[in-house]
Structure formats: structure tokens, C-alpha cells
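Report on the structure given below.
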Amino acid sequence: MVANFTKPTSEKPSLLLHDEVVTYFHEFGHVMHQICAQADYAMFSGTRVERDFVEAPSQMLENWCWEKESLNRMSKHYKDGCSIPDEMMDKLVASRNANTGVHCARQITFGLFDQIIHTGGKCDVVETFAKVQRDIFRIPATPGTSFPASFAHLASGYDAQYYGYMWSEVFSADMFHSRFKTEGLSNSAVGKDYRVYSKARRLERWR
């Protein structure tokens, strides 16, 4: 796994921002999906599964970045080793729900735009994106810019399937809350079940 995180300096080590920790867990979820996969054909293995599900393992792992138990285990002050104060921890956990409406509107905008350009005829992508963003996101696109030019998912395997990011959240929430949240974040038995059933395409037995 290759990532671009905050680099260390001559005065202190690399101190990851919380967003970077979430990104690490997300991408490591893809790594786990790949190395634990059991499939007869490579096209059904790991991150090659259907886009409706491919983001679920990575999104599920993000949950450990928002739970006090796991946050306390993975963090400490780099100088004196003290834990994050409870008040700060509570605010961090609560911030997860901040601007969720904006995030959803953004993802719907991207997903709808992706569907339009892959299912319709020839179009001006800048103009089309500006219209979708105005109608869904309610914030006009910045004049003179071309967001679609930097939207790599449009032609990197997610073609017409970017909606999978939101759809996978249904699966990831179900997997996390039905077992890990209720039976323990560090419950090894649940972890083993997750590896055996979800990674081996036997989700019907997961619950």
C-alpha cells in the first residue's frame, strides 16, 4: 500500500491527521479484502468484485477510526505518551455526523453525473457537470474550471458505477453494526467470521 501522508520533520515524527488515519484504514480495508479473498477466478477476487460491494470492506474498516476504544489504542501524545482527553475524543467522535447531508449530496452529484455521461450520447462534460451540481448539490461549479478532467473514477474501472460508494455504505454499516459493534471491536471470533464469510463471498452466513 502506497500513500501520501504527513511527512516527519527534523523536530517531530510523522503525526497523522485524523483524516489521514481514516484514509489509511479505508485503503487497508482494500488490502485486507485482496489478501483474504477466496475465489475460483481472479475476476471475482478482492477488489475485482462487483462495484456494488467493492467499497464495503474499506468503508467498514473506517468505523474503527470513530470509536473511543480503538482510537485510544492507536493514539497517544508523541512526547509524553498521554491519551487523548475525553472531551476532545467526544468532540472528534461527534464530528463524524457533521455535514453528512453535504457529503451525501456530493456523492449523489458524482454518481448521477457518472451515469449521465456513460449512458447518454455525446455531451459537453463541463456543462453537464455544472448542471448536475447546480440541480443536486445546489452550489454552482466554479467558472473556468473542469472538475470532470480530474475525476479519475470516470474511466478507471468505476465507469457508470460510482454510485457504488453510497450503495456499499449499506453493506458496510450492516456488517459493522450487526456484529462488531454489538459483540466487540476486538472480538477475535467475529473477526474470524468476517474473514471467512464476507471475504469468501458467503455473506448470507455472516449474520
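Numbers here simply count residues along the sequence, with the first being 1.
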With no hydrogens and no angle check, just 3.5 Å: does a side-chain donor-acceptor pair link [X] and [Y]?
X: Thr109; Y: Gln133; answer: no
X: Asn99; Y: His103; answer: no
X: Ser172; Y: Glu55; answer: no
X: Gln107; Y: Tyr163; answer: no

For the residue pair Phe53 and Trp167, is the inter-centroid distance of their aromatic rings smaller than 6.0 Å?
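Ring-ring flag for Phe53/Trp167: false, centres at least 6.0 Å apart.
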
Taking the six-membered ring for Trp, is the centroid-to-centroid distance between Phe147 and Phe113 below 6.0 Å?
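No.
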
Could you walk me through whether Thr182 and His177 satisfy the side chain to side chain contact (heavy atoms under 4.5 Å, CB included) test, starting with their C-alpha distance in whole Å, then the side-chain angles of each, then the deciding distance to 0.1 Å, before giving a yes or no?
CA-CA 6 Å; Thr182 57; His177 288 279; 6.0 Å; no

Is NZ or CZ of Arg51 both nearer than 6.0 Å to the six-membered ring centre of Tyr158 and within 45° of the ring axis?
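Yes, cation above the ring, under 6.0 Å and within 45°.
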
Once rounded to the nearest 0.5 Å, what's the spacing between atom [atom1] of [X] and atom [atom2] of [Y]?
X: Ile136; Y: Ile139; atom1: CD1; atom2: CD1; result: 13.0 Å
X: Phe129; Y: Ser146; atom1: CZ; atom2: OG; result: 9.5 Å
X: Glu62; Y: His26; atom1: CD; atom2: NE2; result: 6.0 Å
X: Met88; Y: Ser83; atom1: CE; atom2: OG; result: 12.0 Å
X: Leu61; Y: His30; atom1: CG; atom2: NE2; result: 10.5 Å
X: Ile117; Y: Asp159; atom1: CD1; atom2: CG; result: 8.5 Å

Could you tell me how the ring of Tyr165 sits relative to the ring of Tyr162: parallel (under 30°), tilted (30 to 60°) or perpendicular (over 60°)?
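Answer is tilted, since the angle falls between 30° and 60°.
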
Nearest atoms (heavy-atom pairs only) where [X] meets [Y]:
X: Met60; Y: Asn63; result: O-ND2, 2.8 Å
X: Asn97; Y: Thr100; result: O-CG2, 3.3 Å
X: Met175; Y: Ala56; result: CE-CB, 3.8 Å

Would you check, one step at a time, whether the test side chain to side chain contact (heavy atoms under 4.5 Å, CB included) holds for Ser186 with Glu69?
CA-CA 9 Å; Ser186 301; Glu69 176 188 338; 3.3 Å; yes

Strictly distance-based, threshold 3.5 Å: is any side-chain N or O of [X] a donor or acceptor partner for the main-chain N or O of [Y]?
X: Ser95; Y: Leu92; answer: yes
X: Asp174; Y: Val170; answer: no
X: Gln34; Y: Thr47; answer: yes
X: Asp114; Y: Ala160; answer: yes
X: Ser70; Y: Trp64; answer: yes

Do the non-hydrogen side-chain atoms of [X] and [Y] ever get within less than 4.5 Å of each other?
X: His18; Y: Cys65; answer: yes
X: Phe171; Y: Pro57; answer: no
X: Cys104; Y: Met166; answer: yes
X: Cys36; Y: Arg195; answer: yes
X: Met89; Y: Asn72; answer: yes
X: Glu67; Y: Phe176; answer: yes

Between Thr6 and Glu20, does a side-chain hydrogen bond (donor to acceptor under 3.5 Å, both in side chains) hold up when you go through it step by step?
CA-CA 8 Å; Thr6 299; Glu20 293 176 320; 3.0 Å; yes

Salt bridge or not for Asp90 and Lys68, using N-O below 4.0 Å?
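Counted as a salt bridge, because a side-chain N and a carboxylate O are separated by less than 4.0 Å.
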
So, Lys131 and Glu127, do they make that salt bridge, N to O below 4.0 Å?
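No salt bridge links Lys131 with Glu127.
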
Would the number of heavy atoms belonging to other residues, nucleotides or ligands and lying under 6.0 Å from CG of Asp135 be above 12?
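Yes - once you tally the heavy atoms of other residues, nucleotides and ligands closer than 6.0 Å, there are more than 12.
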
Can you tell me if CZ on Arg73 sees more than 12 non-hydrogen neighbours from other groups inside 6.0 Å?
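At most 12 heavy atoms, drawn from other residues, nucleotides or ligands, come within 6.0 Å of this atom.
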
Show your reasoning for whether side chain to side chain contact (heavy atoms under 4.5 Å, CB included) applies to Gln161 and Val54.
CA-CA 11 Å; Gln161 301 171 90; Val54 71; over 6 Å; no

So if you build clusters from Ile, Leu, Val, Met, Phe, Trp, Tyr with side-chain heavy-atom gaps below 4.5 Å, do [X] and [Y] land together?
X: Val132; Y: Phe137; value: no
X: Phe25; Y: Phe5; value: yes
X: Val93; Y: Val22; value: yes
X: Trp66; Y: Leu71; value: yes
X: Tyr78; Y: Val21; value: no

Side chain to side chain contact (heavy atoms under 4.5 Å, CB included) assessment of Lys7 paired with Ser14
CA-CA 5 Å; Lys7 295 176 175 57; Ser14 173; 6.0 Å; no

